[in-house]
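In what follows, a single structure is set out as structure tokens and then discussed.
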Amino acid sequence: MKHWAGAVALAMLAGCMGLNQTRSAGPAQVYSSQKPAAAVAECIKVSWANVQLFGDVADVFMEQGKPGEFTVYTTEGEYFADVSAHGATTAIRFYAKPGGKAVDQRGAMVATCL
């Protein structure tokens, strides 16, 4: 059981490192919205989990950081969006690892959540 827990922790750490590396390259697209950050993040999570659009491998997760800050990401962090509240405005930064197959589709789904 300890080995399994260690493997999960190692995978999560590798995923975080991958997200940070992709963040350092800059976002693929940047958006803003007047909607609350939590509502925008939840919308992205639900839309990215649409199996009809993205196939049967559509695992999507959402984590909350500081109050008003969320990261929505797919398995292995291939695509992710940082959503953060800035006063009455919500900023959304959409990231994609190089070579992603559905960058335009994922970005378009983010835009529907604004």
Side-chain angles (χ1 to χ4, degrees):
M1 190 65 116
K2 284 185 181 181
H3 296 288
W4 182 79
V8 169
L10 185 59
M12 289 177 66
L13 179 60
C16 289
M17 290 171 57
L19 294 181
N20 289 333
Q21 184 176 17
T22 301
R23 271 189 193 102
S24 68
Q29 297 167 349
V30 178
Y31 305 92
S32 66
S33 174
Q34 299 304 310
K35 294 180 182 177
V40 173
E42 184 64 30
C43 177
I44 294 168
K45 179 184 176 202
V46 169
S47 65
W48 282 4
N50 186 328
V51 175
Q52 292 176 326
L53 288 176
F54 300 110
D56 58 354
V57 183
D59 291 333
V60 182
F61 310 92
M62 183 170 72
E63 290 186 12
Q64 183 172 2
K66 297 176 185 176
E69 293 183 3
F70 302 87
T71 298
V72 181
Y73 58 97
T74 61
T75 304
E76 298 179 12
E78 186 173 3
Y79 305 98
F80 64 97
D82 288 331
V83 181
S84 57
H86 298 279
T89 304
T90 295
I92 303 98
R93 289 177 178 77
F94 168 62
Y95 299 86
K97 286 187 177 178
K101 297 176 186 174
V103 174
D104 292 336
Q105 284 180 301
R106 299 272 179 187
M109 294 311 294
V110 170
T112 67
C113 295
L114 305 177

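Predicted, not measured: the structure shown is a model, and the values here were computed from it.
Closest approach of Ala37 to Gly68, counting heavy atoms only: CB-O, 3.6 Å. When every heavy atom of Gln64 is checked against every heavy atom of Pro67, the shortest pair comes out as NE2-CA, 3.8 Å. Closest approach of Tyr31 and Gly107 over heavy atoms only: OH-O, 3.0 Å. Closest non-hydrogen pair, Ala41 versus Met62, comes out as CB-SD, 3.5 Å. Taking every heavy atom of both residues into account, Lys97 and Gly77 meet most closely at CE-O, 3.6 Å.
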Quiz prompt | Evaluation steps, side chain to side chain contact (heavy atoms under 4.5 Å, CB included), between Asn50 and Met109 | solution = CA-CA 10 Å; Asn50 186 328; Met109 294 311 294; 5.6 Å; no
Quiz item: Would Thr90 and Gln34 satisfy side chain to side chain contact (heavy atoms under 4.5 Å, CB included), going step by step from the backbone distance to the final call?
Solution: CA-CA 6 Å; Thr90 295; Gln34 299 304 310; over 6 Å; no
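How far SG of Cys113 is from NZ of Lys35: 7.0 Å, rounded to the nearest 0.5 Å.
No side-chain heavy atom of Lys45 sits less than 4.5 Å from a side-chain heavy atom of Phe70. Between Ile92 and Leu114 the shortest side-chain heavy-atom distance falls below 4.5 Å. Residues Thr74 and Arg106 have side chains in contact (heavy-atom distance under 4.5 Å, counting atoms from C-beta outward).
A ring pair (Phe, Tyr, Trp, His ring centres under 6.0 Å) with Tyr73 holds for exactly one of Tyr79, Tyr95, Trp48, Phe61; it is Phe61.
Val60 and Leu53 fall within a single hydrophobic cluster, where Ile, Leu, Val, Met, Phe, Trp and Tyr side chains are chained together by heavy-atom contacts under 4.5 Å.
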